[in-house]
There are 2 protein chains.
Amino acid sequence: MFPLKEIDDEIRAIRDDHLSGARELAQKGAHVLVTLAEGSKAVSGEEFQSELLRTGRALIKAQPSMAPLVNLVNRSLFALQEEIDLEGAKRALVTTAQGYANHLQRSVERIAQLAFPLISHGLVLTHSFSSTVLAALLHAKQEGQTFAVLCTESRPQYEGRALAERLAQAGVETRLVVDALAPSMITDAEVVLVGADSLSIEGLVNKIGTYPLALAARAHKMPFYALCGTEKFLPADYTLPEESPKDPQGVWPDHPKGVEVMNRYFDLTPLEYLTGIVTGEGVLSPTEVRGIISKRRLHPWLR
Amino acid sequence: MFPLKEIDDEIRAIRDDHLSGARELAQKGAHVLVTLAEGSKAVSGEEFQSELLRTGRALIKAQPSMAPLVNLVNRSLFALQEEIDLEGAKRALVTTAQGYANHLQRSVERIAQLAFPLISHGLVLTHSFSSTVLAALLHAKQEGQTFAVLCTESRPQYEGRALAERLAQAGVETRLVVDALAPSMITDAEVVLVGADSLSIEGLVNKIGTYPLALAARAHKMPFYALCGTEKFLPADYTLPEESPKDPQGVWPDHPKGVEVMNRYFDLTPLEYLTGIVTGEGVLSPTEVRGIISKRRLHPWLR
């Protein structure tokens with residue numbers, strides 16, 4: 001189906017990967033595009049562009065809620081539209097994809113620095129596993145801050161256990177509760193820090209359980225921040241597809257026939273529930289984020 | 001330790017029972033008191049009273065958050081205070097305890113009738129396993145109502161799975177989600193019905209996950225009712241003890257040493273989050289409930 005067998009395999013791996021965060025998936029996506037540029041048998045810049053479009057669409061389709069993938073593909077298409085000759089187009093794609101992967105890495109580091117003042121003391125409540133939140137917490141620990149972290153197990157896949165284990169290994173005082181208990185524990189915390197899968201005008205898409213935490217934070221006037229690089233901001237004209245249902249067995253193996261088990265991974269938290277959004281470019285208010293998103297547009301071929 | 005070996009065993013069984021609801025536990029408690037009345041070796045009414053006090057305190061201590069147990073003991077002490085002779089005291093205790101057990105049963109039936117108009121159509125969202133909610137749903141089904149129920153798995157013990165299974169067996173259209181997803185599904189529902197472990201001026205004590213559902217219901221102006229007989233209203237001067245921590249292994253077996261796993265079963269939902277409280281005596285507003293509770297007092301010996 002794709003120009004190269006490796007690409008087919010890599011995209012399938014991205015599609016089936018429900019453990020990696022959005023950034024890791026986008027980095028894998030960047031690798032796919034570099035693979036395409038290096039191995040393409042296209043004979044013209046035009047043919048190469050259409051290979052990119054086909055590959056890019058497949059990448060987005062593999063994980064349509066992962067904004068960094070959408071932005072990677074979108075940015076690559078814009079980068080190639082001025083390139084008519086084949087070699088120029090290939091070079092432009094490699095530069096764009098690698099530059100994007102580097103940007104993602106720098107974004108995490110910059111977010112960790114900007115989140116530092118939020119992790120100054122007391123208890124940090126987080127949810128599920130965000131590699132950006134992990135990086136920020138490890139950075140604060142490395143800089144000598146004293147704090148504890150309350151993790152959630154994050155059913156159905158228990159990613160929060162993995163986060164707790166990583167933090168404990170790094171010497172951070174770490175606690176863990178089931179998801180249903182976390183909103184009641186919010187008054188013990190100083191701040192809530194969550195990651196993001198994507199951010200749009202509609203709100204923050206993140207692992208289920210984020211919305212109840214946001215509700216509790218609002219009820220108790222607790223600061224609630226999303227650590228979310230601008231690469232996770234969706235173009236205003238991108239329609240986030242409804243989440244595809246996940247395997248019911250992942251929630252309740254061998255459940256009785258008469259019970260319909262619904263398995264979803266993401267919920268939506270309206271932007272106004274966020275105290276701030278920590279991006280690589282600064283800590284933004286929901287209003288500032290709205291302004292940025294409203295200016296982002298999809299490449300015409302992706303509309 | 002107790003006047004009778006059976007009582008010792010029965011109280012220990014109540015203490016270790018984390019699956020039965022408050023009503024079942026109170027019915028078991030009533031059985032303990034009848035056993036005491038029938039088997040006591042006390043030689044005077046006074047001695048019997050002090051046996052009752054000792055047994056009653058042990059019952060409360062076994063499950064100090066279970067209001068019907070507190071009220072059973074409290075009511076029994078009041079019933080015996082006028083009885084000076086031994087046989088009169090024993091008879092009074094049997095009458096009170098059995099009357100209370102009967103009252104509990106009637107309370108459930110009456111609540112099922114009063115909740116009927118709330119289960120008239122659409123999707124009912126419930127949480128964990130409440131035998132009162134189950135009875136109300138089965139009653140509505142029996143009366144021919146058409147509705148579906150969305151259950152939560154209710155970590156860490158998955159009582160919600162048991163509820164889902166019971167409903168499905170009864171032919172009710174039943175769905176189940178993990179706890180973290182339920183608050184986001186609230187807009188699909190017509191009403192939220194939850195049970196109660198106890199109700200006081202501070203709020204509704206129920207299985208963790210109730211509070212996040214109440215927050216979501218409030219945010220979406222969704223009717224949120226507790227099915228909660230007045231036997232679950234705590235006397236105003238009863239101090240609900242802080243919940244004792246449960247076994248961390250129940251949340252995460254063999255968790256890494258560096259992670260402190262906190263296992264709790266109950267959360268607290270402020271009364272004003274409730275649209276109404278369905279009791280055997282009618283559907284009450286939070287203000288009406290406050291009025292009733294403020295008049296309830298502990299027997300002087302229990303203060």
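Chain identifiers are assigned alphabetically (A, B, ...) following the order of the sequence lines, protein sequences preceding nucleic acid strands; residue numbering begins at 1 within each chain.
Counting only heavy atoms from C-beta outward, the side chains of Glu153(A) and Val251(B) approach each other to under 4.5 Å.
No other option in Thr269(B), Thr174(B), Leu213(B) has as many heavy-atom pairs under 4.5 Å with chain A as Thr174(B). Taking chain A as the reference chain and counting heavy-atom pairs below 4.5 Å, the highest number among Arg175(B), His127(B), Gln169(B) is found for Arg175(B). Contacts with chain B were tallied for Ala148(A), Ser154(A), Cys151(A), Gly209(A); Gly209(A) has the most, counting heavy-atom pairs under 4.5 Å. For the set Leu150(B), Val149(B), Asp179(B), Val178(B), the entry with the most heavy-atom pairs within less than 4.5 Å of chain A is Val178(B).
Shown here are the side-chain hydrogen bond (donor to acceptor under 3.5 Å, both in side chains) partners of Glu272(B), two or more places apart in sequence or in another chain: there are none.
Heavy-atom neighbours of chain B within the stretch residues 233-243 of chain A, taken at a separation under 4.5 angstrom, are nonexistent. Applying a 4.5 Å heavy-atom cutoff, the residues of residues 260-267 of chain A that approach chain B are Glu260(A), Val261(A), Met262(A), Arg264(A), Asp267(A). Of all residues spanning residues 182-206 of chain B, those with a heavy atom less than 4.5 Å away from chain A's heavy atoms are Pro183(B), Ser184(B), Met185(B), arranged by number.
Summarising the geometry, atom CH2 belonging to Trp252(B) is positioned 6.0 Å from atom CZ belonging to Arg161(A); distances are rounded to the nearest 0.5 Å. Between atom CG of residue Leu181(A) and atom CD1 of residue Ile208(B) there is a gap of 5.0 Å, rounded to the nearest 0.5 Å.
Proximity to chain A involves both the backbone and the side chain of Glu165(B), based on heavy atoms less than 4.5 angstrom apart. For Ala164(A), the parts lying under 4.5 angstrom from a heavy atom of chain B are both the backbone and the side chain.
Pro212(A) and Leu215(B) get closest at one heavy-atom pair: O-CD1, 4.4 Å.
By the 6.0 Å contact criterion, CD on Gln142(A) is open, its count of non-hydrogen atoms from other residues, nucleotides or ligands being 12 or less. Taking a 6.0 Å sphere around CZ of Arg290(B), one finds it holds more than 12 heavy atoms contributed by other residues, nucleotides or ligands.
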